[in-house]
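Contents: one structure, followed by commentary.
Reminder, nothing fancy here: chain letters follow the sequence lines and each chain counts from 1.
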Amino acid sequence: MSKLENIIESLYFSASRPISESEIVKILDDSNFDLKAVKNAVSVLEKKYQESSFELVKVASGHRFRIKQEYSQWISKLWSEKPQKYSRALLETLSLIAYKQPITRGEIEEVRGVSVSSQIIRTLLDRSWIKVVGHRDVPGRPALLATTKEFLDDLNISKLSELPELPELGSIPSEVQIPLLDEAQESA
Amino acid sequence: MSKLENIIESLYFSASRPISESEIVKILDDSNFDLKAVKNAVSVLEKKYQESSFELVKVASGHRFRIKQEYSQWISKLWSEKPQKYSRALLETLSLIAYKQPITRGEIEEVRGVSVSSQIIRTLLDRSWIKVVGHRDVPGRPALLATTKEFLDDLNISKLSELPELPELGSIPSEVQIPLLDEAQESA
Amino acid sequence: MDNSVELKPSQQEFNLAVLNGEEVSFPTDDLYIPPNALKIFLESFEGPLDLLLYFIRKQNLDILEINVLEITNQYVAYIDLMEKIQFDLAGEYLVMAAYLTEIKSRMMLPKESDSEDEEDDPRSELIRRLQEYERYKTVSKKIDSIPRVGRDFFVASSGLPEFESSQKLPEVDLNKLSQIFSELLQRQKLSASHIIEFEKLSTREKMSKILDLLIKEKNIEFHKLCEIKEGKIGIIVNFLALLELAKDSLIKIIQSKDFGIINLSSKDEVH
């Protein structure tokens with residue numbers, strides 16, 4: 001049996017969001033730790049990292065680890081170092097939402113032939129480029145996704161119909177099996 | 001001035017990807033730390049966290065912190081989504097790409113004796129486990145596929161040669177083969 | 001799962017599969033065979049080589065000792081069975097059947113000369129392919145068992161301090177986006193028999209707009225959607241969008257009298 005403090009530490013480090021003490025109790029479920037034990041362990045952890053670059057901080061919805069402020073100068077360099085590039089998968093998802101909105105995740109998956117990761121949807125929602133505009137009336141009531149005004153602003157157009165018209169879809173010889181592969185290496 | 005080890009620690013914890021030592025040197029830029037000092041500090045960190053739930057590990061594209069595997073049971077309770085399970089077809093395709101790279105889709109199909117679905121290739125591209133590294137100079141110019149650093153990172157290994165050894169092709173002296181022919185005819 | 005296959009000891013039979021831990025046998029003659037069981041059986045193989053390997057292992061044989069005659073008989077009997085129940089067999093299985101039959105016939109012919117060349121063994125190519133396939137089949141299982149991120153272990157990360165955001169978010173190019181979309185459509189065209197129908201964007205935009213408005217307002221009168229500056233076209237597009245939404249049963253439309261006010265309400269409200 002691992003030490004309670006270490007289990008809690010591992011939970012905080014693996015979650016990308018704050019976790020509450022009661023949630024931890026729920027995760028520990030069948031072990032013998034109650035809320036009091038968890039609260040104790042958390043307060044031990046709050047004092048533990050004085051020598052480290054990070055600390056356990058209390059925020060509204062629980063606790064989370066955060067890098068201490070004094071390191072921000074280095075971290076800002078890390079983040080500006082490599083401007084990210086959106087993956088092929090994200091761009092395909094975005095283009096489907098733009099041209100076929102409102103559309104559900106399942107419908108996107110149908111066209112793309114692979115599952116769309118939650119990460120991609122979250123990135124697009126975080127960026128405020130897409131939003132949920134309703135739910136389709138089928139089992140599971142999946143969310144209908146559409147693009148936002150911010151998306152248009154960021155692309156410097158004022159309405160969707162200003163998106164480039166699609167080139168004629170000529171007939172493609174059947175030998176061409178994976179036309180997308182050329183592009184794919186960019187996203188790798 | 002913060003301690004070098006702590007700066008590096010904060011970088012690893014704040015990046016959502018592995019970072020290489022030379023990248024750290026670049027970030028530290030105008031300070032007086034060279035590659036040797038950084039390498040030293042990293043090896044100090046590699047030994048530092050024995051009592052903790054996490055550790056610094058070397059993967060293909062640098063180092064990163066990971067939670068020790070014994071804590072996975074608690075962490076997986078934190079995630080509502082089940083990790084993806086891959087089909088045999090996908091794994092066989094991936095293995096062929098890993099061991100025979102660069103390889104075309106046609107060459108994969110030749111070994112497996114069945115066609116490889118576009119969906120499998122796309123899933124692997126989406127996951128950034130494979131990429132297109134060129135085209136074979138034959139009719140149709142099929143894409144040459146290879147594995148990526150992310151693939152190694154995700155398996156927590158630092159180079160291809162750390163993959164399991166490919167079982168030897170049973171090397172059989174040719175004499176043994178002829179008598180078998182007769183046997184086969186007898187049993188007909 | 002129906003694996004209650006009746007066995008008649010008098011008939012020739014061969015064992016095909018282990019399903020849910022139970023061995024399922026399919027008589028080669030005309031007994032009823034649950035098509036489901038066969039289908040599931042076939043789907044548990046990664047193609048003809050995999051199936052052949054199974055037959056070989058079943059006989060406890062080394063690949064090198066395969067008895068082509070017997071294997072071919074088994075394989076062809078199996079293929080026949082699938083055709084009898086009209087199961088759509090992948091072409092590769094038929095190609096393999098033809099290939100095996102060819103080897104079989106070549107082995108039954110008398111040898112032309114006594115050149116004891118290994119190349120003369122019609123089986124050698126098959127053996128080579130089986131061996132090669134088995135290597136990767138084996139190693140792919142090993143690769144799957146290597147602990148991987150997100151399934152067996154997790155990455156440790158921490159929240160960030162506040163810092164001046166010199167971080168530039170990735171940009172998306174307008175033309176790139178449309179290019180990607182048309183490629184998607186082309187891909188769809190290649191892989192599916194139907195083509196996505198391409199609708200006027202302006203209608204799509206209105207559809208999103210209407211849904212979005214309905215989240216806030218629950219009820220809207222149709223004329224309030226229309227803006228004067230959009231003119232007649234605007235009304236038509238709005239109306240088309242409305243019909244599209246109704247067709248997808250995303251909204252409810254109520255018009256209480258002829259030429260009266262058209263009321264739109266969100267479907268969500270009903271629930």
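- Salt-bridge check for Glu132(C) with Lys100(B): passed, with a basic side-chain N closer than 4.0 Å to an acidic carboxylate O.
- For the atom pair Glu92(C) CD and Glu109(B) CD, the distance stands at 8.0 Å (nearest 0.5 Å).
- Residues meeting the side chain to side chain donor-acceptor pair (under 3.5 Å) test with Asn73(C), sequence neighbours left out: Lys104(C).
- When side chains are defined from C-beta on, Phe154(C) counts as touching Ser72(B), because their heavy atoms get closer than 4.5 Å.
- Ser158(C) touches chain B through backbone and side chain together, each having a heavy atom under 4.5 Å away.
- Interface summary for chain B: among Ile63(C), Leu160(C), Val155(C), Thr138(C), the most heavy-atom pairs under 4.5 angstrom belong to Val155(C).
- Here Arg112(B) contributes atom CZ and Leu49(C) contributes atom CG; the two are 9.5 Å apart, rounded to the nearest 0.5 Å.
- At a heavy-atom separation below 4.5 angstrom, chain C is approached by Phe54(B), Arg64(B) within residues 46-64 of chain B.
- The choice from Leu94(B), Thr93(B), Val114(B), Leu90(B) that makes the most heavy-atom pairs within less than 4.5 Å of chain C is Val114(B).
- Under the 4.5 Å side-chain criterion, counting only non-hydrogen atoms from C-beta, Ile146(C) is in contact with Pro164(B).
- The OG atom of Ser95(B) sits 10.5 Å away from the NZ atom of Lys142(C) when rounded to the nearest 0.5 Å.
- Of the residues considered (Pro48(C), Ser157(C), Ser140(C), Gly150(C)), Ser140(C) shows the highest number of contacts with chain B, using heavy-atom pairs under 4.5 Å.
- Among all heavy-atom pairs drawn from Pro167(B) and Arg135(C), the shortest one is O-NE, 2.8 Å.
- Side chains of Leu166(B) and Tyr136(C) form a contact here, defined as non-hydrogen atoms less than 4.5 Å apart.
- If you tally non-hydrogen atom pairs under 4.5 Å between each of Glu92(B), Gln119(B), Glu165(B), Glu110(B) and chain C, the highest count goes to Glu92(B).
- Most heavy-atom pairs under 4.5 Å with chain C, from the set Ala15(B), Ala98(B), Gly113(B): that is Gly113(B).
- Looking at heavy atoms from C-beta onward, Phe153(C) lies in side-chain contact with Asn156(B) at the 4.5 angstrom threshold.
- The two residues Arg148(C) and Leu155(B) make their nearest non-hydrogen contact at CB-CD2, 3.4 Å.
- Two residues are said to be in side-chain contact when any heavy atoms from C-beta on lie closer than 4.5 Å; Lys141(C) and Leu91(B) fail this criterion.
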(request) Evaluate the salt bridge (Lys or Arg N to Asp or Glu O under 4.0 Å) criterion for residues Asp50(C) and Arg88(B): first the C-alpha distance (whole Å), next the side-chain angles of each, then the deciding distance (0.1 Å), finally the verdict. (result) CA-CA 11 Å; Asp50(C) 200 20; Arg88(B) 271 186 56 199; 2.6 Å; yes
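- Residue contact with chain C, scored on non-hydrogen atoms closer than 4.5 Å, is absent for Ser10(B).
- Put simply, CZ on Phe151(B) and CD1 on Ile143(C) are 5.0 Å apart, with the number rounded to the nearest 0.5 Å.
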